[in-house]
Amino acid sequence: MTTYSRCKGGTTMSERYEDSYLYRLRHSAAHLMAQAVQELHPQVKLSIGPPIENGFYYDIEFAEPIHEEDLTAIEKRMKELSKLDQRIQRMEVTREEAKQLILDSTIPGMGAETSEYKLQLLEAIPEDQVISFYDQQRTDREGTLHRFLDLCRGPHVDSTKEVKNFKLMSIAGAYWRGNVNNKQLTRIYGTAFETPEELEHYLHLLEEAKRRDHRVLGKELGLFMFSPRVGTGLPLWLPKGATLRHVMTDFLQQEQLKRGYQPVVTPHIASIKLYEKSGHIINYRDKMFPFMEDEDGDKDTYILKPMNCPFHIEIYSSQMRSYRELPVRYAEFGTVHRYEQSGEVTGILRARGFTQDDAHLFVTPDQLQSEFIGVVDLMQTVLNKLGLTEFRVRVGTKDPSSDKYVGHDDNWTAATNAITEACDKLGLDYEVSPGDAAFYGPKLDLIIKDALGREWQMGTVQVDYNLPERFELEYIGEDSKPHRPIMIHRAPFGSLERMIGLLTEQYAGAFPLWLAPTQISILPIADRHFEKAEEIASELRSRLFDTRPLRVNVDDRRETLGKKIREAQLQKVPFMLILGDRGLEENTVGVRSREDGDLGEMRLSDFLEKLV
RNA sequence: GCCGACGUAGCUCAGUGGUAGAGCAGCUGUUUCGUAAACAGCAGGUCACCGGUUCGAAUCCGGUCGUCGGCUCCA
């Protein structure tokens with residue numbers, strides 16, 4: 001039997017969240033909410049109500065749709081029920097007793113009309129597992145027994161009075177058992193903590209997180225924009241954002257050149273024939289933009305590309321390949337378009353048009369493992385340079401029960417083994433996730449959280465035996481006979497859009513010097529300093545930093561110094577150079593850093609030395 | 001796509017049935033200033049769009065579009 005320790009902040013270092021008091025508290029909060037809902041709306045059908053990372057939810061089928069204002073009443077009822085100090089008691093029962101309880105219409109909330117989900121849950125419980133209910137009861141002044149009984153594995157806290165620092169957050173639709181073909185239930189999200197301070201603190205953190213949201217910062221810092229006239233999920237990159245893209249692509253390009261990649265460039269559209277051959281038309285059609293079909297039928301049908309691979313394959317297969325050429329590594333910052341569902345588009349973290357830092361490696365079976373390891377090494381270099389340390393590694397494999405995949409099982413097995421063996425060899429800490437493969441092969445993904453704690457798939461490496469087969473790719477081996485190469489698809493950033501969105505949130509817009517769209521802002525104090533300021537700017541722009549000219553701007557508005565500093569600070573410019581009479585006379589600048597404030601007067605050459 | 005919420009000036013927001021408001025940004029003028037917002041004046045809006053209810057709609061109702069939080073799906 002597990003013992004539970006109580007501690008401030010929910011969990012101790014050594015304790016899993018699932019074993020914590022906070023976890024039980026939130027689970028009980030879900031039950032308390034269900035009880036309140038059931039009293040206010042007696043015809044509801046309850047389904048499941050688990051604790052989650054920052055709170056809890058309960059999925060409920062309502063007879064009438066409910067709205068956010070209804071949450072106030074539910075919250076109020078929860079507070080009342082909490083104070084009644086109902087004991088929460090566990091009952092273990094046999095399967096038959098469980099069924100009788102669920103169908104017993106004399107117990108509030110139970111009975112055949114409202115228990116379809118509970119019955120399904122009961123059926124899903126394995127034979128060898130204990131079946132338990134949790135019962136919260138009280139007797140009112142008139143002596144009437146009130147009761148909330150729920151089929152539940154538990155565990156829970158001892159009394160409803162422990163659940164008092166909570167807040168209902170939002171309403172959402174959620175499909176029963178996560179399946180789109182099932183009925184959509186109403187999910188109510190809430191959060192709960194042990195103390196009012198912790199609850200306040202959490203709500204405060206949420207507010208803070210909103211301020212580092214990449215959509216907010218993207219607007220404030222002038223990185224990118226959207227226009228309804230252009231279309232949902234189609235970002236327009238502003239000068240500063242475009243600069244960021246260039247810095248990032250230059251960096252990666254150079255890393256790739258060092259590793260023997262070759263650049264290629266391919267079109268944005270292709271004849272439908274290409275994608276029929278690749279299998280995208282069958283497997284990916286619903287994610288593609290509408291096809292460009294000629295009404296008169298005179299012209300071929302064209303497709304806006306959702307992936308770059310078929311183009312790179314065409315280049316590979318355009319001539320005979322010898323084993324001596326392999327591995328062939330074609331790299332392209334390839335812009336693709338995918339028609340994401342309208343409810344899924346999220347700023348530049350999930351856009352409908354985005355640029356992958358894509359490459360395709362064509363390798364012999366002998367080379368597969370070392371090339372795979374080389375790719376993982378590149379990804380580590382990239383993560384390191386970008387300063388990303390918090391990520392999860394996921395190996396996405398085929399879901400055996402789904403038919404959305406192409407290719408033979410042998411190939412899938414070989415590819416999956418290649419990935420896991422390489423990971424084991426590298427000592428990577430990864431988890432295997434069935435159903436998260438691409439339709440053509442298994443993959444290794446890096447998962448990173450955004451400001452609001454949502455997880456995003458970033459970099460990816462995919463081993464693919466299937467497209468080479470569909471396109472009948474070959475190389476001539478040492479034995480003078482044709483062999484089939486294996487493909488590795490890989491993107492260390494994942495996409496520029498998603499990576500920039502994430503970096504923006506990670507750094508709260510204060511990009512490190514090498515990434516900052518404006519690295520230095522020169523702030524002349526009065527008109528008579530403008531000319532010299534421009535001179536210094538050109539001088540700085542002629543210097544290379546990280547292989548690129550320094551990015552410098554001059555704030556030549558007729559504003560006070562205080563205002564110029566404030567705005568440069570809000571724009572998160574790493575360095576400000578203040579130029580006034582002192583600077584003209586002594587040939588110096590006042591240096592101010594974004595982080596450390598005033599660094600004093602110094603000669604330009606000294607400042608430049610300090611930069612590197 | 002589905003469930004819920006929101007849409008007022010370039011931005012952030014106030015305005016719940018009776019003549020559209022504030023701060024910042026913009027423009028004009030004054031100020032030429034040393035480390036996070038100078039001062040004054042001016043201008044700026046089919047209250048997302050379309051339709052309805054009403055003597056009268058930013059406000060109430062319906063639809064469309066867009067955005068946000070989820071679900072499903074994904075880089």
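Below, read A as the first sequence line, B as the second, and so on, with proteins coming before strands; counting in each chain starts at 1. Note: hydrogens, waters and symmetry copies are ignored here, and every other heavy atom, side chains too, is used.
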Please state how far atom [atom1] in [X] lies from atom [atom2] in [N], giving the value in whole angstrom units.
{"X": "A/Met288", "N": "B/A75", "atom1": "CE", "atom2": "P", "value": "15 Å"}
{"X": "A/Lys210", "N": "B/C13", "atom1": "NZ", "atom2": "P", "value": "10 Å"}
{"X": "A/Ile188", "N": "B/C3", "atom1": "CD1", "atom2": "P", "value": "16 Å"}
{"X": "A/Asp213", "N": "B/U67", "atom1": "CG", "atom2": "P", "value": "14 Å"}
{"X": "A/Leu446", "N": "B/C74", "atom1": "CG", "atom2": "C1'", "value": "15 Å"}
{"X": "A/Leu386", "N": "B/A75", "atom1": "CG", "atom2": "P", "value": "19 Å"}
{"X": "A/Leu168", "N": "B/G4", "atom1": "CG", "atom2": "C1'", "value": "14 Å"}
{"X": "A/Lys167", "N": "B/G69", "atom1": "NZ", "atom2": "P", "value": "17 Å"}

Original post:
Between A/Lys219 and A/Ser495, who's closer to the 5' end of RNA chain B by nearest nucleotide?
Top reply: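 The answer here is A/Lys219.
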Subject >> Given RNA chain B, 5'-ward residue of the pair A/Gly233 and A/Asp527, judged by closest heavy atom >> reply: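 That would be A/Asp527.
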[X] and [Y] ion-paired at < 4.0 Å:
{"X": "A/Lys45", "Y": "A/Glu116", "answer": "yes"}
{"X": "A/Glu455", "Y": "A/Arg392", "answer": "yes"}
{"X": "A/Asp445", "Y": "A/Arg394", "answer": "yes"}
{"X": "A/Glu505", "Y": "A/Arg215", "answer": "no"}
{"X": "A/Glu53", "Y": "A/Arg26", "answer": "no"}
{"X": "A/Asp357", "Y": "A/Arg490", "answer": "no"}
{"X": "A/Arg259", "Y": "A/Asp377", "answer": "yes"}
{"X": "A/Glu255", "Y": "A/Lys385", "answer": "no"}

Short side-chain N/O contact from [X] to OP1 or OP2 of [N], under 4.0 Å:
{"X": "A/Thr232", "N": "B/U67", "result": "yes"}
{"X": "A/Arg215", "N": "B/U67", "result": "no"}
{"X": "A/Lys443", "N": "B/A75", "result": "yes"}
{"X": "A/Gln457", "N": "B/A75", "result": "yes"}

With a 3.5 angstrom cut-off on both distances, give the Watson-Crick or G-U wobble partner of [N], or none if there isn't one.
{"N": "B/U53", "answer": "none"}
{"N": "B/C33", "answer": "none"}
{"N": "B/G7", "answer": "B/C65"}
{"N": "B/C47", "answer": "none"}
{"N": "B/G26", "answer": "B/C42"}
{"N": "B/A58", "answer": "none"}
{"N": "B/C71", "answer": "B/G1"}

When we call it a touch if two heavy atoms are under 4.0 Å apart, what does [X] touch: a base, just sugar-phosphate, or nothing?
{"X": "A/Glu455", "value": "nothing"}
{"X": "A/Met458", "value": "sugar-phosphate"}
{"X": "A/Ala351", "value": "base"}
{"X": "A/Val345", "value": "sugar-phosphate"}
{"X": "A/Arg498", "value": "base"}
{"X": "A/Ala174", "value": "sugar-phosphate"}
{"X": "A/Arg454", "value": "sugar-phosphate"}
{"X": "A/Ser342", "value": "base"}

How far, in whole Å, is [M] from [N] if one measures between their [atom1] atoms?
{"N": "B/G7", "M": "B/C47", "atom1": "C1'", "value": "10 Å"}
{"N": "B/A36", "M": "B/U46", "atom1": "P", "value": "40 Å"}
{"N": "B/C60", "M": "B/A14", "atom1": "P", "value": "15 Å"}
{"N": "B/G69", "M": "B/U30", "atom1": "P", "value": "48 Å"}
{"N": "B/C13", "M": "B/C74", "atom1": "C1'", "value": "35 Å"}
{"N": "B/A20", "M": "B/G45", "atom1": "C1'", "value": "8 Å"}
{"N": "B/U31", "M": "B/A40", "atom1": "C1'", "value": "11 Å"}
{"N": "B/A57", "M": "B/U8", "atom1": "C1'", "value": "14 Å"}

Subject >> Residue pair A/Leu496 / A/Arg245: nearest heavy atoms and the distance that separates them >> reply: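 Heavy-atom minimum between the residues: CD1-NH2, 3.8 Å.
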Subject >> Smallest separation among heavy atoms of A/Leu467 and A/Ser278, with atom names >> reply: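 The answer is CD2-O, 3.4 Å.
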**OP:** For each nucleotide in nucleotides 36-48 of chain B, reading 5' to 3', give B when a protein heavy atom comes within less than 4.0 Å of its base, S when such contact involves only the sugar-phosphate, and - otherwise.
**Re:** BBS----------
Spell out yes or no: do the side chain of [X] and the base of [N] have one donor N/O and one acceptor N/O closer than 3.5 Å?
{"X": "A/Glu340", "N": "B/G1", "result": "no"}
{"X": "A/Tyr189", "N": "B/G4", "result": "no"}
{"X": "A/Arg350", "N": "B/C73", "result": "yes"}

Subject >> Contact list for RNA chain B against residues 573-588 of chain A - heavy-atom distance below 4.0 Å >> reply: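 Those residues whose heavy atoms fall under 4.0 Å from RNA chain B, taken from residues 573-588 of chain A in numerical order, are A/Ile578, A/Gly580, A/Asp581, A/Arg582, A/Gly583.
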Original post:
Taking side chain as C-beta onward, heavy atoms only, is A/Val589 less than 4.5 Å from A/Val591?
Top reply: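 Yes. Closest side-chain heavy atoms under 4.5 Å.
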Original post:
Is a side-chain donor or acceptor of A/His360 paired with a backbone partner of A/Met487 at a separation under 3.5 angstrom?
Top reply: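 It does not hold such a pair.
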**OP:** Report yes or no: does A/Asp436 contribute a side-chain atom to a donor-acceptor pair with the main-chain N or O of A/Gly396 at less than 3.5 Å?
**Re:**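 Not confirmed, A/Asp436 side chain does not pair with A/Gly396 backbone.
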**OP:** Compute both the distance and the angle, then confirm whether A/Lys305 meets the cation-pi test with A/Phe311: under 6.0 Å from the six-membered ring centre, within 45 degrees of the axis.
**Re:**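 Yes; both conditions hold, so A/Lys305 lies above the ring face of A/Phe311.
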Subject >> Shortest side-chain distance from A/Pro228, nucleotide among B/G66, B/A75, B/G4 >> reply: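 Closest nucleotide to the A/Pro228 side chain: B/G66.
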Original post:
Of the nucleotides B/G1, B/U12, B/A75, which one has an atom closest to the side chain of A/Gln341?
Top reply: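 My answer, after comparing the listed nucleotides, is B/G1.
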